[in-house]
Number of protein chains: 2
Amino acid sequence: MVQYRQSVLDAAFVALADSTRRGVLERLGRSEASITDLADGFHMTLTGMSKHVRVLEYAGLVTTEKVGRVRHCRIGTRRLEEVAAWIKRYQELWDARFSALDEIVEDLKRQEKIDERTQH
Amino acid sequence: MVQYRQSVLDAAFVALADSTRRGVLERLGRSEASITDLADGFHMTLTGMSKHVRVLEYAGLVTTEKVGRVRHCRIGTRRLEEVAAWIKRYQELWDARFSALDEIVEDLKRQEKIDERTQH
DNA sequence: CCGATACTGAACCATATAGTTCAGTATCTA
DNA sequence: TAGATACTGAACTATATGGTTCAGTATCGG
């Protein structure tokens, strides 16, 4: 289970690491498209685009359906929410870390003031 | 092919695509650490971890400071917010797309009702 | 000063990735 | 039915990636 979730999350991050694939997601955000549409739009062979779409589909970021000759691609399930959740969690850790630093800085400032007063 | 990463955003996504590097970010979320600390924690050579840290630093996700022999690594600037912003934007497109589909479905339902009525 | 520690750089290796071409297969259309 | 269209799979190329070892260099502690 944990292994599964880890690998799914990993697949999503890997899929998002490529700028062409992020572009495809944006494109599909506007309307569904065929492999041909996408290949044209990104100046790439059908085969190349087909691979990108498969990576996105594996990661759960798009879904596809073949109707006759045409594979219709559309934006996928809620998988991206897992990526967003990871980032949110990281940001929380990170905010906490910065808060801790802030406190240290505040302590130092307070200490300075005490030093000032005791020196005069 | 020649993957020159024009954008900082791309570097961040690429950095996040590796699960070890995401682990390092989580680890640094708890406290700062040296290369040695991280290498030990992730069962990896110093050289290997050094490379990961450099990737994270290039992406602006961590900052480092060398004090004497030791390189202190800590969680970086607000760079991750750009990643979060991209995802948010994508999710908006995507919600809009689903809303549009919902409307179509609603239209179809209405049409069915009309058909029913006109057939009787 | 000497030895241990902490890292860095270069070279290397195996595998993964992004792309191609070419040769199909299946489906639509005239 | 013939030909165009839409895709798929296999094989191949070039480069990137994640890791290693080994040989330094710089710094710390006794």
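From a predicted model like this one, the values you see are computed outputs, not experimental measurements. Letters go in sequence order (proteins before strands), and every chain restarts at 1.
Regarding A/Asp18, its CG atom lies at a distance of 13 Å from the C1' atom of C/dA16, rounded to whole Å. As rounded to whole Å, 15 Å separates atom P of D/dT27 from atom CD of B/Glu65. Rounded to an integer number of Å, the gap from CG of A/Leu38 to P of C/dG19 is 13 Å. One can place CG of A/Asp10 at 15 Å from C1' of C/dT17, the figure rounded to the nearest angstrom. For the pair B/Met49 CE and D/dG19 C1', the computed distance is 12 Å after rounding to whole Å. Spacing between atom CZ of A/Arg22 and atom P of C/dA18 amounts to 12 Å, rounded to whole angstrom units.
Under the salt bridge (charged side-chain N to carboxylate O under 4.0 Å, His left out) criterion, B/Lys88 pairs with B/Glu92, sequence neighbours left out.
Between A/Met44 and A/Thr20 there is a side-chain heavy-atom pair separated by less than 4.5 Å. Side chains of B/Thr64 and B/Ile35 form no contact here, defined as non-hydrogen atoms less than 4.5 Å apart. B/Arg22 has its side chain within reach of A/Asp10: a pair of non-hydrogen atoms, C-beta onward, lies under 4.5 Å apart. Contact of the B/Arg74 side chain with the B/Leu28 side chain is not registered, since no non-hydrogen atoms from C-beta on lie closer than 4.5 Å.
One distance of note links CZ of B/Phe13 with CG of A/Asp18; it measures 11.5 Å at 0.5 Å rounding.
Nucleic acid contact class of B/Gly48 (heavy atoms, under 4.0 Å, all strands): base.
Residues A/Leu9 and A/Val14 do not share a hydrophobic cluster, clusters being chains of Ile/Leu/Val/Met/Phe/Trp/Tyr side chains in contact below 4.5 Å.
Comparing the end axes of the helix from C/dC1-D/dG30 to C/dA30-D/dT1, each fitted to five base pairs by superposing C1' atoms of four pairs onto the next four, gives an inter-axis angle of 30° (nearest 10 degrees).
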Reading 5' to 3' through nucleotides 2-11 of chain C, protein heavy-atom contacts under 4.0 Å coded B for base, S for sugar-phosphate only, - for none:
--BBSBBBBB
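Side-chain atoms of A/Arg21 do not come within 3.5 Å of backbone N or O of A/His52 as any donor-acceptor pair.
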